[in-house]
There are 2 protein chains.
Amino acid sequence: MEPSAPPRRVTIVDVAKHAKVSVTAVSKVLRNAYGASPAMQAKVREAMAELGYRPHAAARGLRGQTYTIGVMVPDIYNPFFADIISGLTKQLHGTDYQVLVGPARHDYDNEALVTEAMIDRSMDGLVLIVPTSTPAQLQATAATVPTVVVGRHVCAAAYDTVVDNDTAGAALIVEHLVELGHRRIAHIEHVERTPALIASMPNTIRARGYRQAMQDHGLAAHIDVIASRYTREGGYLGAQQLLARRPRPTAIFAGADIAAMGVLEAVAEAGLSVPDDISVAGYDNSVYATLGPISLTSVDQSGHQMGNHAGRLLLERVADRHRPSTLISLSPTLAARRSTAAPPA
Amino acid sequence: MEPSAPPRRVTIVDVAKHAKVSVTAVSKVLRNAYGASPAMQAKVREAMAELGYRPHAAARGLRGQTYTIGVMVPDIYNPFFADIISGLTKQLHGTDYQVLVGPARHDYDNEALVTEAMIDRSMDGLVLIVPTSTPAQLQATAATVPTVVVGRHVCAAAYDTVVDNDTAGAALIVEHLVELGHRRIAHIEHVERTPALIASMPNTIRARGYRQAMQDHGLAAHIDVIASRYTREGGYLGAQQLLARRPRPTAIFAGADIAAMGVLEAVAEAGLSVPDDISVAGYDNSVYATLGPISLTSVDQSGHQMGNHAGRLLLERVADRHRPSTLISLSPTLAARRSTAAPPA
DNA sequence: TTGAAAGCGCTAACAA
DNA sequence: TTGTTAGCGCTTTCAA
């Protein structure tokens, strides 16, 4: 059997004819707009059901809304981002809005392309997850479409922001390690090269939070930051450098779980064991951290809740584009596991 | 500063006026359609550049294409699905097509909603990743929009299919374990309850492949399948049952890496060590399997390539809806790691 | 309360 | 080769 031409869609006109009313009436019922009597509503809804009518979102968008929320995600593999998306999707579930995710493949230019693609598809609102665009670019995007920025420490009148308190998160790890008796605590940072981003990227703030916390605990002399990247390889290479130090740090705090995975590999390769010889901590409390053989102490920034908030804020702004902007800063919590313990005697 | 009204979009009409040509001309240039002289093309392109024109994909869709490919993904956390999406996105990179992912949150009804939402948004093509809809429903979707089904062992004239040879994959693991000297090899299956799906879901095929391979190696008497689920908890509970067996199996083959994670936890909890006391293998060769402390033997079904193929097939079908359908079956490979070894003496 | 009709930005038949 | 114009399915003024 050849795939025949797709059957013509049921349109608002078909519904109107079938219910013997005007298209305007159908449109009003569709939008729950003012000016349709209960009798009219019933007639129209019945016709819709009988014909199996579904509104054509794309066509609606040409005049009104598309009921679509776009999410720009820089890395489709990052389980923390999956948490955010999951929270967002759950928040929007049951509303008329559909979440569509645009993966930017780790590339700044691509982030811009994906964001533009979403605007060109008339999305009603955008969620940008840790975007690497400048504040000015964010401003420009937000001027065009309701926007929520997640994970960047920026705020502006034009958009809402949801962040984790990364300073507090870094301090949680340092405190935890100090309480266990550590002093030589090193940090692996994802280094930021673009000047315009230094002030607002979470990786930068975590490193700053680490330094601050070390100082607060009288350990300024032991501050030791490796400029690397939040990847497995970045963690691996960073740890190799740290393990070569004499005296060796007794604890390594990687700014992200995925980097901590690389740290664990370098530590194992060096013939050392975790946590007996060295403690390792991460950040994000991702699935990785929870896996039995890994059991990584980490910082939980509850991505699920961040997604919830992002969804709520976005719908509020879609409803009222001129309402004042909001910044939500969530407090992270410590997820202590078996990868951290007292330092060797 | 209040967020002012968004600036009006530059449209095809603006470009036409600016270039002092007709809108048709602009449209033709946009589509590289026949009937525009080089001089005209140059003029129009220049005007587009000067005005910073971007075509409105949603509006284009009302008559022609939207240049959007939708991907229905049942579970945004599954790293194997991320592989597929990554391969697809890479394949489509550089074309005019944009990939948008709709997360279905593990729920059949949701899968249908997401698929419908994509159709209602006039997407040009759909990629359905291991959908749990019936063959008849797949047929219906494919009749409306070009569709590629990934990971389901189905084929039909209306859509293309990309699958991994799950029978061969299961056999790879069994062979590997047999060569190591195992005989009591157990399998943890994701059980399928819907009759219409039994024949075509990868989990079912893997279990069948396991039985077949055991038989081929003269181990029919040792066939031992636990009906569970492809989740951490499913693997955990399944392994608990298996570890209580006397004699105990010397190897556990979980049908998915994520289930193998649960197996590892149950094994550790039972005070046994991997691979000295018991070997563990998974399926998917996901990031989990590669992590140092886990180092799980698994089956690589190269999701990246599956995504590549899906993208290519979809564009071919968008170009010619009536070309005959294709089934691509990829051969999996074994990724042997430290979680499997010879059974205890 | 109801409905007719003018667009939204673009494509595609058709005419010039 | 170029331009005019009628829609695509819906929303939204504006009359009735």
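We name chains A, B, ... by the order of the sequence lines, and we start the count at 1 in each one.
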Once you apply a heavy-atom cut-off of 4.0 Å, does [X] come out as touching a base, just sugar-phosphate, or nothing?
X      : answer
T11(A) : sugar-phosphate
V13(B) : nothing
R31(A) : base

- Task: For dT11(C), take OP1 and OP2 only and decide whether either is under 4.0 Å from a side-chain N or O of S27(B).
- Result: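 Indeed, a polar side-chain atom of S27(B) lies that close.
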
- Item | Below 4.0 Å: OP1/OP2 of dA6(D) and any side-chain N or O of R63(B) |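 No, because none of the side-chain N or O atoms of R63(B) sits under 4.0 Å from OP1 or OP2 of dA6(D).
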
- So which one's nearest nucleotide on DNA chain D is more toward 5', V26(A) or S37(B)?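 The residue closer to the strand's 5' end, by nearest nucleotide, is S37(B).
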
- Pairwise 5' ranking along DNA chain D for R60(A) and A36(B), keeping only the more 5' one: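 Taking each residue's closest nucleotide, the earlier one in sequence belongs to A36(B).
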
- Stepwise salt bridge (Lys or Arg N to Asp or Glu O under 4.0 Å) test for R323(B) and D160(B): CA-CA 10 Å; R323(B) 79 142 165 62; D160(B) 301 304; 3.0 Å; yes

- Taking only Lys NZ, Arg NE, NH1 and NH2, and the carboxylate oxygens of Asp or Glu, determine whether D14(B) and R9(B) approach each other closer than 4.0 Å.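 Not counted as a salt bridge, because no side-chain N and carboxylate O are separated by less than 4.0 Å.
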
Report the distance from atom [atom1] of [X] to atom [atom2] of [N], rounded to the nearest whole Å.
X       : N       : atom1 : atom2 : result
H56(B)  : dC8(C)  : NE2   : P     : 12 Å
I12(B)  : dC10(C) : CD1   : P     : 5 Å
Y53(A)  : dC10(D) : OH    : C1'   : 7 Å
D120(A) : dC10(C) : CG    : C1'   : 13 Å
K43(B)  : dT2(D)  : NZ    : C1'   : 10 Å
K17(B)  : dC10(C) : NZ    : C1'   : 15 Å
Y34(A)  : dT13(D) : OH    : P     : 16 Å
K28(B)  : dG3(D)  : NZ    : P     : 9 Å

- Query: What's the spacing between K17(A) NZ and S22(A) OG if we round to 0.5 Å?
  - Reply: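 Nearest 0.5 Å value for the NZ-OG distance: 13.5 Å.
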
- Message: Any donor-acceptor pair, under 3.5 Å, between the side chain of T24(A) and the base of dA4(C), if you only look at N and O atoms?
- Response: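 Result: at least one qualifying N/O pair found.
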
- Donor-acceptor pair, side chain of T95(B) and main chain of H93(B), under 3.5 angstrom: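 Here the side-chain-to-backbone pair does not exist.
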
